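Everything on this sheet refers to the single structure shown next.
Because the structure is a prediction, the values reported are computed rather than measured.
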Amino acid sequence: MTEMSAIPMVFRDAVETLKSPPPRREIELSEIRPPKRLAPWTHALAAEASGPEGTAVTARLVLLHDPDGQPSWDGVLRLVAYLRTDVGSDLASDPGVAELGWSWLARALHSCRAEYTALGGTVTVTSSARFGEIAEPAQEHELELRGSWTPSETDLSAHARAFQEMITAAAGLPPVGVSVLGNRTPERRRHV
């Protein structure tokens with residue numbers, strides 16, 4: 001349906017508030033083609049960020065709307081977040097890495113005061129070894145977080161801020177207004 005009048009008002013309002021918080025400068029945010037088979041109405045955002053240690057993060061946030069609701073949603077709107085980032089071998093082998101990944105989402109929702117129900121998801125950590133002609137890098141470790149929840153309100157601005165905060169945590173970015181000081185080499189210390 002292409003006519004604006006055909007789009008449910010609750011979905012239109014939710015999309016506008018989802019897009020309302022401006023991203024911090026380290027996060028590149030864009031609208032992408034949403035998946036069509038998950039609900040009658042969908043909207044999707046993609047994000048990329050790079051942390052001070054070069055940690056690259058890619059993420060997506062998808063808004064689903066089914067006017068009839070779905071039993072597992074406990075509502076007519078559902079948010080689905082996906083995040084992928086490379087992790088070091090020390091973190092990949094840490095038994096608490098899955099809980100750390102999940103805390104990025106759970107803490108972000110809590111700190112942004114995003115009201116929700118039916119939160120669930122998975123954190124997967126994978127390790128890949130390369131051989132032969134594609135041997136560099138020899139090993140890679142990746143953390144993937146998938147989570148979904150039902151917002152308790154149609155104003156999704158707090159949920160959008162939580163999505164950005166989740167990315168910030170995964171990238172290792174400092175809080176807004178705090179600068180990361182670079183390592184000072186002995187050469188630089190002498191001239192200070």
Side-chain angles (χ1 to χ4, degrees), residues 4 7-36 38-39 41-65 75 77-88 91 97 100-125 142-182:
M4 287 298 288
I7 299 172
M9 182 64 85
V10 67
F11 180 70
R12 269 193 281 173
D13 291 347
V15 168
E16 287 308 309
T17 60
L18 191 65
K19 298 187 308 185
S20 66
R24 59 186 284 173
R25 65 179 176 79
E26 299 92 343
I27 299 175
E28 186 177 320
L29 198 60
S30 60
E31 290 185 36
I32 59 170
R33 180 184 217 143
K36 296 291 183 192
L38 300 176
W41 302 97
T42 58
H43 181 79
L45 300 172
E48 292 185 4
S50 185
E53 301 294 320
T55 304
V57 176
T58 58
R60 290 189 304 270
L61 182 63
V62 179
L63 170 62
L64 308 174
H65 173 57
L77 296 173
R78 186 82 175 160
L79 288 164
V80 180
Y82 167 84
L83 180 139
R84 188 201 65 74
T85 186
D86 293 329
V87 294
L91 189 56
V97 69
L100 172 66
W102 186 251
S103 76
W104 295 335
L105 174 58
R107 286 182 182 169
L109 289 167
H110 177 74
S111 70
C112 291
R113 294 186 172 91
E115 304 267 336
Y116 63 88
T117 60
L119 174 65
T122 61
V123 175
T124 305
V125 180
E142 186 175 272
L143 182 143
E144 180 182 276
L145 181 149
R146 292 176 185 265
S148 64
W149 63 97
T150 299
S152 300
E153 64 275 332
T154 57
D155 181 345
L156 301 182
S157 53
H159 299 269
R161 288 192 304 275
F163 175 65
Q164 292 182 35
E165 194 169 302
M166 174 186 73
I167 295 165
T168 297
L173 292 167
V176 174
V178 175
S179 297
V180 176
L181 299 175

Original post:
Hey, mind stepping through His65 and His43 against side-chain contact (heavy atoms from CB on, under 4.5 Å) and telling me if it holds?
Top reply: CA-CA 9 Å; His65 173 57; His43 181 79; over 6 Å; no

**OP:** Assess whether side-chain contact (heavy atoms from CB on, under 4.5 Å) is satisfied between Leu100 and Val123, documenting all intermediate values.
**Re:** CA-CA 9 Å; Leu100 172 66; Val123 175; over 6 Å; no

**OP:** Tell me, with the steps shown, if Asp86 and Thr55 meet side-chain contact (heavy atoms from CB on, under 4.5 Å).
**Re:** CA-CA 7 Å; Asp86 293 329; Thr55 304; over 6 Å; no

**OP:** Let me see the working for Leu18 and Leu45 under side-chain contact (heavy atoms from CB on, under 4.5 Å), right down to the final yes or no.
**Re:** CA-CA 9 Å; Leu18 191 65; Leu45 300 172; 4.1 Å; yes

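Summarising the geometry of Glu142 relative to Val87, their closest heavy-atom pair is N-CG2, 4.2 Å, with the distance given to 0.1 Å. The shortest heavy-atom contact between Pro21 and Ser157 is CG-O, 3.6 Å. Contact detail for Ile27 and Ala47: the closest heavy-atom pair is CG2-CB, 4.1 Å.
With a 6.0 Å cutoff to the six-membered ring centre and a 45° limit on the axis angle, Arg60 counts as a cation-pi contact of Tyr82.
Aromatic ring orientation, Phe11 versus Trp41: tilted (interplanar angle from 30° to 60°).
Of the inter-residue distances, the one linking Leu77 atom CG with Leu64 atom CG reads 9.0 Å to the nearest 0.5 angstrom. Taking CE of Met9 as the reference point, atom OG1 of Thr154 lies at 11.0 Å (rounded to 0.5 Å). We find the OG-CG distance between Ser20 and Asp155 to be 6.5 Å, quoted to the nearest 0.5 Å. Atom CZ of residue Arg146 and atom CH2 of residue Trp102 lie 12.5 Å apart, to the nearest 0.5 angstrom. Annotation: the span from Glu48 atom CD to Ser30 atom OG amounts to 7.5 Å, rounded to 0.5 Å. The distance from atom CZ of Phe163 to atom CG of Leu29, rounded to the nearest 0.5 Å, is 6.5 Å.
By the 4.5 Å heavy-atom criterion applied to side chains, Leu63 and Val15 are counted as neighbours. A heavy-atom distance below 4.5 Å is found between the side chains of Tyr116 and Leu109. When side chains are defined from C-beta on, Leu119 counts as touching Leu105, because their heavy atoms get closer than 4.5 Å. Taking the side chain as every heavy atom from C-beta outward, Leu143 and Val97 approach each other to under 4.5 Å. With a 4.5 Å cut-off on side-chain heavy atoms, Thr85 and Trp104 count as touching.
With respect to Glu115 and Arg113, no salt bridge is recorded, no charged nitrogen being found less than 4.0 Å from a carboxylate O. Ion pair Glu165/Arg107 not flagged as a salt bridge, since none of the NZ, NE, NH1 or NH2 atoms sits closer than 4.0 Å to an Asp/Glu carboxylate oxygen.
Looking only at distances, a side-chain donor or acceptor of Arg78 sits under 3.5 Å from a matching main-chain atom of Ser148. Thr42 places no side-chain N or O within donor-acceptor distance of the main-chain N or O of Leu38, the cut-off being under 3.5 Å.
Crowding of Glu28 atom CD: a count of heavy atoms from other residues, nucleotides or ligands under 6.0 Å not exceeding 12.
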